[in-house]
Structure formats: structure tokens, C-alpha cells
Q: 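Quick one: the structure is below, questions incoming.
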Amino acid sequence: MVEPCIKVDQLRVIYNKGKSNEVRSLDGVSVEIYPEEYIIIYGPSGCGKSTLLYGISGLQAPTYGDVIVQGKNLAQMTKKEKVDFHQTRIGMVFQAFYLIETLTVLDNVCLPKVFRGENLKERREKAMELLRRFGIAEQADKFPATLSGGQKQRVSIARALVNDPEIILADEPVGNLDSESAQNVLDIFKEINSTDKKTLIMVTHNPEHLVYADRIIYMKDGKKVNEEVNNDKRPNEALQKDVAATPEVISSELRLLMRTFKNLSLQQVGVLLIPFKAKQLLSHIISELNEEQIGSAENLLKEFLFKNIDGETLSNKLDLDYDKGGAGWNKMRAMSFTNRTQSILMQADSLNSNQEEGIITFSDYLVNTFQLKLDQDLILRFRAFIKLRVENRVDRFGLQQRLDAPRKIGGIGLYKGTAEKVVREVEVIMLLRYSA
Ligand code: ADP
Ligand code: MG
């Protein structure tokens with residue numbers, strides 16, 4: 001008998017529980033989804049579609065109820081199992097793409113493979129194959145900012161598929177696209193479901209999309225109000241116990257609130273980013289170690305970013321021999337690495353706790369770390385540029401240009417190499433700021 005690959009049982013997600021501004025984003029939703037189904041979650045803005053999708057993905061913890069995916073209750077997974085789940089079991093596509101602007105298209109698609117620690121050649125081959133399939137191979141070495149919306153979404157679909165997960169979740173994937181690009185993306189989804197046999201769950205508020213689905217789940221005010229079948233892929237038993245419609249409750253407060261919370265929270269993004277952070281931080285700080293020494297250090301660093309081990313343990317284990325479960329570095333290197341890691345993380349924390357003060361501390365830290373010789377006026381100018389970047393009002397290249405430009409024309413006049421180093425440090429810290 002075919003078992004559902006996803007079981008959502010009486011899922012409730014309540015924000016600000018018990019307070020006057022309590023919001024029941026999901027109010028007891030149950031759904032069963034079977035392998036290879038194409039499901040659409042449909043309903044007006046603010047009705048809880050995204051919350052349901054993030055509940056299924058494990059990015060949103062239930063207030064009550066259970067979510068079981070491929071036999072595992074998500075709430076009982078460790079953080080590490082959850083990351084593993086995100087890397088290999090599900091692929092996600094969002095309206096806002098969430099591409100990393102400082103990586104090329106190819107590297108963005110490779111990202112989930114970087115997490116798996118696969119070698120460069122394998123990663124690139126699989127990623128290029130997907131880029132070719134979606135007609136964006138020519139964009140491989142470009143940065144996301146130079147792509148059209150439709151191209152960006154195809155990149156993010158390739159990223160979702162690169163580890164070959166069985167389930168794809170998409171939150172309003174064509175919401176930001178013109179009609180031609182939207183059609184193209186919808187065709188790709190259809191193909192992923194029918195040819196690649198992926199279980200597909202797509203959230204939309206556009207009734208024109210409904211024809212694509214095998215089954216439609218209608219939502220309103222946090223409840224499932226109906227289900228409709230276009231093409232039944234479920235086993236017969238499941239047909240018998242079709243779910244009764246729940247009565248509708250209308251709340252205008254929900255509609256007012258909804259606008260603010262369209263996107264993922266920082267926390268949700270943070271969980272997805274941790275393995276990547278470990279990788280970036282490591283390659284940033286280290287250059288001349290062998291692969292084994294880097295590989296085991298990377299795992300230790302992941303544990304550290306997950307806060308499973310503290311700085312002292314990190315330092316000790318880096319120093320320990322391989323055969324004793326360490327990374328086989330020496331004591332000096334282990335200590336200076338740990339110090340450097342901690343001071344970088346401290347900058348990320350201080351920017352998060354108070355951005356205004358954090359920018360000043362951060363600028364001073366950069367001046368010291370890279371021994372920049374700046375007079376009082378230039379320090380102020382430097383701070384202003386760092387602020388621009390921290391507030392995301394310029395990209396990394398914008399910052400680099402400003403650091404590089406001669407003082408006479410308003411730049412900082414750093415050597416090109418120094419400007420590059422400063423920019424790389426800033427980018428790593430910007431990445432680490434997204435913290436769970
Ligand atoms: P949809 O995706 O259908 O537009 P959502 O699932 O994003 O709806 O949101 C459902 C409801 O939950 C909305 O009223 C929204 O304002 C509210 N909501 C979502 N996230 C939060 C949050 N972090 N805090 C408070 N309310 C939230
Ligand atoms: Mg939504």
C-alpha cells in the first residue's frame with residue numbers, strides 16, 4: 001500500500017500566543033500528501049498558505065500538532081538531522097528567489113552540494129546539467145543581479161533540484177514574474193512532476209494555476225476549507241476518507257497583519273545557511289592546509305556554529321590528531337584560528353545587537369585587523385561606506401570601488417589588494433549575521 005510521504009496532523013501555528021495580538025496563522029490543518037502528487041495550496045493572501053508550507057518544510061515549528069515527512073516527525077529531529085533533511089529530502093523555491101548575490105549563478109546552484117561536501121567537479125557537472133536543461137547555461141558565470149526575474153527563478157529551481165530531493169516546495173514561485181516568464185516556470189514545474197516524478201507542493205493565490213494540480217487544498221483564515229481532485233494519484237483507501245469542509249471564520253485583523261510577514265524570518269534563513277557559513281568562514285580564514293585537515297575542521301566548525309561545542313572544545317579538537325577524532329592541526333594554529341573565528345562572530349553579533357554602535361565597532365575592528373592608516377576624516381568616511389554596505393545600500397563591488405578610489409575623489413585610497421581583503425571580511429560577517 002502506498003503511504004503518504006507527508007502527513008500534517010491538526011497543525012496549529014499561533015503567534016503571540018495568549019497576548020492581545022495573538023494570530024492563529026494555522027488553526028488545526030490536516031493534510032496527507034502522496035508520492036508524485038502535484039498539490040496546490042490555494043487561498044487569499046494572509047490565509048496561512050506559507051505557514052503551512054514552512055510547517056511541512058520544518059522551517060516553522062508547530063505550536064500544536066504534528067508534521068511527518070517520509071516517516072519522520074520533524075519536531076523530533078535534531079538540528080543536524082533537520083539540516084540534512086533540507087539538503088537531501090526537500091528542495092525549496094521562493095517568490096523572492098533568495099539567491100546569494102555575491103556568488104555566481106553556478107555557485108548558487110552548487111551551494112546545496114557544497115553542504116554535502118562533494119568534490120568540485122561533480123558539483124559543477126550536475127549544476128551545469130540543470131542550467132543547460134533550463135536554458136540558462138550561458139548565465140553560469142554571471143552574478144544574479146544581472147539576470148531577469150524569470151532567469152533568477154530558474155536558477156533557484158536548479159538549486160532546489162541539485163541534490164535530487166523527492167519533494168519540491170514552492171511558495172508563490174511566479175508571484176514576481178511577468179506572464180511569459182511565469183508560464184515558463186509553470187511548465188518547468190509541470191515537467192518536474194510528470195517526468196522527474198517529484199512530489200510537488202506549490203502555494204499560489206492565482207486561480208489560473210489550479211489546472212496544473214492533481215489536487216487543490218483550499219485555505220481560508222488558517223483553516224483548510226476544501227479539497228478538490230483533478231487527477232487522483234492517491235491509493236483508493238485514501239479516497240474514502242476525504243476530509244469534511246471546516247466552517248469559515250472571517251477575521252479582518254489577520255488581513256491587516258499579513259502584509260508584514262510575507263517572507264522568511266531571519267531565523268528560518270539562518271538554519272538553511274549554517275553549513276554554508278561554516279564553509280565560507282573556513283575557506284576565508286585558512287589557505288594552506290591539506291584536504292583532510294580542512295574537511296575535519298569544517299565539521300568541527302559546523303558544530304561550533306550550531307553551538308553544540310564551545311570555543312575551547314573547538315580549539316582542542318582542531319589540535320587533536322585525526323585518529324583521536326581531531327583535525328590534526330597544531331596548537332598554535334588551532335588557537336589563533338579559534339580566536340579569529342570568535343572575533344569575527346563577535347562583530348556579527350555586535351552588528352545584530354545594535355546596528356548603529358555595531359558599525360562603529362566594526363569599522364574600528366577592520367581598521368585594526370588590516371592596519372589601515374587613516375586620519376580622523378578618513379575614518380568617518382570609512383565608517384560611512386561600511387554603513388552603506390551593512391545596510392545593503394551598495395553591493396560588495398560598490399564597497400570595493402569606494403575603498404579603492406583615490407582620496408581626492410572621495411574614496412579611501414586603499415591598495416587594491418587591501419580593499420579586496422577588507423571587502424571579503426565584510427562579506428563573511430554579513431553572512432554570519434543571519435543567525436538562528
Ligand atoms: P499567506 O502565505 O497565505 O499569505 P501566511 O502564512 O504568510 O499567509 O500568514 C498567515 C497569517 O499569519 C497572516 O495573518 C500573517 O500576518 C500571520 N503571520 C505570519 N507570520 C507571522 C509572524 N511571524 N508573526 C505574527 N503573525 C504572522
Ligand atoms: Mg505567503
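Start at 1 and go down the list; that is how both ligands and their atoms are numbered. The structure displayed is predicted, hence computed values, not measured ones.
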Q: Heavy atoms only: which of D221, V13, T51 is nearest to atom 6 (O) of ligand 1?
A: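 Looking at heavy atoms only, T51 sits closest to atom 6 (O) of ligand 1.
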Q: Tell me, please, if S50 has any N/O/S atom, main chain or side chain, under 2.8 Å from the Mg ion (ligand 2)?
A: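 Within the cut-off used here (under 2.8 Å), S50 does place an N, O or S atom near the Mg ion (ligand 2).
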Q: Begin from the C-alpha positions of V203 and Y42 and carry the test side-chain contact (heavy atoms from CB on, under 4.5 Å) through to its verdict.
A: CA-CA 6 Å; V203 161; Y42 175 79; over 6 Å; no
Q: Determine whether a donor-acceptor pair (N or O, by modelled atom type, separation under 3.5 Å) exists between the side chain of N193 and the backbone of E36.
A: yes
Q: Do E191 and R133 touch side chain to side chain, with heavy atoms closer than 4.5 Å?
A: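 Side chain of E191 against side chain of R133, heavy atoms only: contact under 4.5 Å found.
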Q: Using distance alone, decide if ligand 1 has a nitrogen or oxygen within less than 3.5 Å of any nitrogen or oxygen in N16.
A: no
Q: Going by the closest heavy atom to atom 2 (O) of ligand 1, which one wins out of G55, C47, S50, P44?
A: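 Of the listed residues, S50 has the closest heavy atom.
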Q: Who passes ring pair (Phe, Tyr, Trp, His ring centres under 6.0 Å) against F397, sequence neighbours left out?
A: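 Here the qualifying residues are F143.
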Q: Looking at G46, which atoms of ligand 1 are within less than 4.0 Å of one of its heavy atoms?
A: 1 (P), 3 (O), 4 (O), 8 (O), 10 (C), 11 (C), 13 (C), 14 (O)
Q: State which residues pass side-chain contact (heavy atoms from CB on, under 4.5 Å) with N176; sequence neighbours excluded, sorted by chain then number.
A: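 Result, side-chain contact (heavy atoms from CB on, under 4.5 Å) vs N176: Q95.
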